[in-house]
Protein chains: 2
Amino acid sequence: MTRRRITIKDVSALAGVSVSTVSRVLNASGPISEETRKVVMQAASDLKYQPNPLARGLVKNQLGGVGVLIPWLGGPYFCSFLEGVQDVVRDTPFRMVISSEQAVKEKEAEALAYLLENDADGVIYYGDSLRPEDIAEINPLGKPVVLLGQPVTDSYPCVAIDDEVGAFLATRYLIDNGHRQIAHLTGDAQQHVTASRLSGYRRALDQAGIPFDPHLIVHADYSEQGGYRGLQHLLGRAVDFTALFCGNDQMAIGAYQALREFNKQIPEDVSVVGFDNISFAQYMHPPLTTVQVPIRSMGRVAAQILIGNIEGQEVFPAPLEAELIIRRSVLRR
Amino acid sequence: MTRRRITIKDVSALAGVSVSTVSRVLNASGPISEETRKVVMQAASDLKYQPNPLARGLVKNQLGGVGVLIPWLGGPYFCSFLEGVQDVVRDTPFRMVISSEQAVKEKEAEALAYLLENDADGVIYYGDSLRPEDIAEINPLGKPVVLLGQPVTDSYPCVAIDDEVGAFLATRYLIDNGHRQIAHLTGDAQQHVTASRLSGYRRALDQAGIPFDPHLIVHADYSEQGGYRGLQHLLGRAVDFTALFCGNDQMAIGAYQALREFNKQIPEDVSVVGFDNISFAQYMHPPLTTVQVPIRSMGRVAAQILIGNIEGQEVFPAPLEAELIIRRSVLRR
DNA sequence: GTGAAAGCGCTAACAG
DNA sequence: CTGTTAGCGCTTTCAC
């Protein structure tokens with residue numbers, strides 16, 4: 001049963017009007033008598049007519065996609081972000097088109113160019129390999145772009161929580177619980193998120209009069225594996241610490257593993273705080289105290305802003321807050 | 001800088017040939033002298049020409065998307081599946097268009113219809129709310145469909161591992177380790193995957209001469225939360241068991257939590273085996289012994305088959321195997 | 001081997 | 001208010 005697709009012509013024929021009339025009623029453009037409107041609507045629904053998005057896009061000069069460029073498709077954090085994007089895209093005529101390139105700058109540039117060229121009327125970019133200048137170059141048509149994961153700029157709308165404050169909260173909580181030797185397991189030093197969270201950590205230390213000790217900092221790569229290796233490294237160094245602040249939950253997962261292998265009890269020997277509050281965090285043993293990032297909401301907001309921009313409106317994001325979720329991975333000393 | 005997009009006309013003008021000639025060289029359709037071929041290629045690359053996919057799709061009657069309908073976008077399992085799909089879609093002119101509707105039949109029907117109507121030239125459907133008959137009805141144009149998560153049929157190509165065998169392997173491993181009271185925490189009884197895994201569990205029991213005890217079966221919903229609740233339930237019943245076979249790893253995560261709350265040591269009091277081998281499994285405490293499902297490969301294979309079908313070829317899937325990954329959640333008695 | 005022209009399905013002037 | 005017409009950018013006959 002390879003029946004031909006119903007076109008606007010079929011509708012116009014059945015309704016006994018011209019195609020432009022059909023177009024007008026379907027798009028509510030131009031004046032239409034109530035009479036013909038009804039006839040056309042009837043015909044359209046009788047035939048189950050669905051406009052061909054290609055033809056429509058061709059004349060309207062719209063590709064119809066909301067591009068999403070993220071570093072990784074797998075992994076709990078970015079998946080939740082996508083869920084948020086989809087929450088809003090679902091209710092629009094746009095489709096979500098995803099691309100992920102492991103945060104490799106050249107590949108991301110290519111992917112972004114491809115999206116803008118072939119699929120999307122605007123792009124949500126979560127990453128910081130490509131800076132606004134790079135993006136401008138890739139985006140000659142000046143399509144809307146929304147940024148996440150990099151410093152807020154004027155060039156493009158950005159959605160972000162305050163990582164510095166989140167990290168400050170986490171670290172201060174550890175300090176308030178009597179810890180003074182607090183290690184920080186973090187990601188690639190080049191990344192903006194790394195810098196922000198590190199500076200929140202330092203501010204909390206400063207404020208409590210605790211000197212900053214560079215030996216307590218380990219850089220890894222924000223993965224479980226990275227956290228595991230990073231912590232092994234730290235435990236190998238001859239530095240004492242009673243608490244560990246992890247740059248994200250995935251690294252905390254790896255850290256737990258390394259800690260266990262070194263026979264360190266959590267939280268008796270080492271207290272741990274994470275960042276993100278991925279869903280696994282509450283099922284860790286012990287359940288992980290962490291900073292909640294409203295990642296799904298961030299996806300929603302990003303999509304709202306982008307689609308608004310595509311449609312020529314200015315959209316102002318609702319403010320998003322990071323919040324400390326207290327569970328059982330921190331011990332008062 | 002809102003420059004106009006480069007069109008085939010621009011190329012033809014620069015190359016000094018007609019648009020049809022340009023089209024011919026770019027698509028390698030029809031005969032072309034080596035001479036003009038070079039000129040056109042040069043012009044195209046000078047202008048960085050990219051054909052408008054909408055115009056091309058309109059004439060070729062192709063939407064350009066590979067639709068993917070999955071139950072959940074979040075969650076480790078389906079995200080890995082998407083990664084596999086993207087692995088192959090990336091190298092084709094298709095784009096990946098995702099939809100997820102929490103496995104609700106009516107919503108999935110709507111989403112599938114929408115995909116087929118607006119976005120996709122074929123769909124990968126992971127779920128079993130919609131059966132082949134339902135799909136046929138939704139798919140009047142007879143576009144290619146690839147199925148996962150339901151019984152293999154002739155109607156559409158299916159990619160699946162043998163769940164029955166996987167469950168058999170898991171259960172037999174428990175039996176080989178001296179367990180005879182083996183509980184099974186599983187999902188919705190309606191789902192095909194539930195039935196297959198249950199029957200593998202039963203076959204292993206039968207083969208070892210262990211009577212099947214329905215009190216040892218708990219149905220939940222394949223989520224961490226579900227596993228947690230399900231196991232609480234089971235622990236509340238007055239049945240003894242020394243081992244637990246979980247229908248998936250996410251439920252095993254919840255089960256660990258419930259077990260701990262009831263002060264049951266894993267594996268000393270209760271041995272646990274999962275299914276899927278999601279990335280967290282190895283970081284659980286103790287690391288979870290589980291059946292590995294090559295989910296990313298399944299995504300790749302599904303995409304290959306679908307795209308092959310869209311392009312009119314028949315593609316035969318490489319066989320995929322489930323394999324038991326032994327870690328530390330099972331104790332020999 | 002190449003160009004002219006038709007047409008994919010739709011929207012948007014432009015007449016009437 | 002409605003119909004006619006001209007494209008959107010591309011591929012594909014059909015001539016030459």
Side-chain angles (χ1 to χ4, degrees), chain A residues 2-44 47-65 93 116-119 121 141 311, chain B residues 2-44 47-65 93 116-119 121 141 311:
Chain A
T2 305
R3 278 213 316 286
R4 193 177 52 79
R5 189 186 170 118
I6 304 295
T7 77
I8 198 173
K9 268 190 168 172
D10 299 311
V11 179
S12 77
L14 182 66
V17 298
S18 73
V19 295
S20 45
T21 299
V22 176
S23 174
R24 268 189 288 256
V25 345
L26 263 27
N27 296 287
S29 54
I32 288 289
S33 79
E34 188 52 25
E35 181 76 26
T36 53
R37 212 188 66 80
K38 282 206 167 133
V39 177
V40 170
M41 290 305 258
Q42 190 54 247
L47 296 172
K48 296 189 207 304
Y49 168 68
Q50 291 290 123
N52 182 326
L54 261 31
R56 177 176 277 174
L58 182 58
V59 47
K60 290 215 163 175
N61 194 26
Q62 287 198 149
L63 261 10
L116 257 8
E117 195 81 56
N118 297 287
D119 298 329
D121 300 315
L141 265 29
E311 293 176 339
Chain B
T2 305
R3 278 213 317 285
R4 194 176 53 78
R5 188 184 171 119
I6 304 294
T7 77
I8 198 173
K9 268 192 170 171
D10 300 310
V11 180
S12 78
L14 181 66
V17 297
S18 72
V19 295
S20 42
T21 299
V22 175
S23 173
R24 268 189 288 257
V25 344
L26 263 27
N27 296 287
S29 55
I32 287 290
S33 78
E34 187 52 26
E35 181 75 27
T36 52
R37 211 188 67 79
K38 282 203 169 137
V39 178
V40 171
M41 291 306 258
Q42 190 55 249
L47 295 172
K48 296 188 207 302
Y49 169 68
Q50 291 290 124
N52 182 326
L54 259 33
R56 177 175 277 177
L58 183 57
V59 44
K60 291 215 164 174
N61 193 25
Q62 287 198 149
L63 262 10
L116 256 8
E117 195 81 56
N118 297 288
D119 298 329
D121 300 314
L141 266 28
E311 293 175 339

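Computed from a predicted structure; not experimentally measured. Reminder, nothing fancy here: chain letters follow the sequence lines and each chain counts from 1. Side chains are part of it too, since the values below use all heavy atoms of this structure and drop only hydrogens, waters and symmetry mates.
If you take CD of B/Gln62 and C1' of C/dG9, they are 16 Å apart, rounded to a whole angstrom. As a whole-Å value, the separation of A/Leu54 CG from C/dT11 C1' is 15 Å. Note: CZ (B/Arg56) to P (D/dC8) measures 18 Å, nearest angstrom. Summarising the geometry, the separation between CG on A/Asp10 and C1' on C/dC10 is reported as 13 Å, rounded to the nearest angstrom. Taking atom NZ on B/Lys60 and atom C1' on C/dA6, their separation rounds to 18 Å, with Å as the unit. To the nearest angstrom, P of D/dC1 lies 11 Å from CD of A/Glu34. Computed from coordinates, the A/Ile8 CD1 to C/dC8 P distance equals 14 Å when rounded to whole Å. Rounded to whole angstrom, the span from the CG atom of A/Asn61 across to the C1' atom of C/dC10 amounts to 14 Å.
Residue contacts shown for B/Asn27 are limited to sugar-phosphate atoms, with no base heavy atom under 4.0 Å away. Counting any heavy atom pair closer than 4.0 Å across all strands shown, B/Thr7 reaches sugar-phosphate atoms only and no base atom. B/Ser33 comes within 4.0 angstrom of sugar-phosphate atoms only, judged by non-hydrogen atoms across all strands, and of no base. Looking at heavy-atom distances under 4.0 Å, A/Pro31 makes contact with a base.
Summarising the local packing, CG of A/Asn27 is surrounded by more than 12 heavy atoms from other residues, nucleotides or ligands at distances under 6.0 Å.
Using a 4.0 Å cut-off, no side-chain N or O of A/Thr36 falls inside it from OP1 or OP2 of D/dC1.
Side-chain N/O atoms of A/Ser20 and base N/O atoms of D/dT4 include a donor-acceptor pair closer than 3.5 Å. Side chain A/Arg24 to base D/dG3: a donor-acceptor pair is found below 3.5 Å. In the interface, the side chain of A/Ser29 is not paired with the base of C/dA12 through any donor and acceptor atom under 3.5 Å apart.
Counting all heavy atoms, side chain and backbone alike, B/Arg5 lies closest to B/Pro51 at NH2-O, 3.4 Å. Closest non-hydrogen pair, A/Leu54 versus B/Gln62, comes out as CD2-O, 3.1 Å.
If B/Ile32 and A/Leu26 are placed on DNA chain C by their nearest nucleotide, the residue sitting closer to the 5' end is B/Ile32. Toward the 5' end of DNA chain C, the nearer of the two residues A/Asn52 and B/Ser18, judged by each one's closest nucleotide, is B/Ser18.
Side chain of A/Ser23, nearest nucleotide from D/dT11, D/dG9, C/dT11: C/dT11.
A 4.5 Å side-chain heavy-atom check between B/Val22 and B/Val17 finds at least one atom pair inside the cut-off. Annotation: side chain of A/Arg24 is in contact with side chain of A/Thr21 (closest heavy-atom distance under 4.5 Å).
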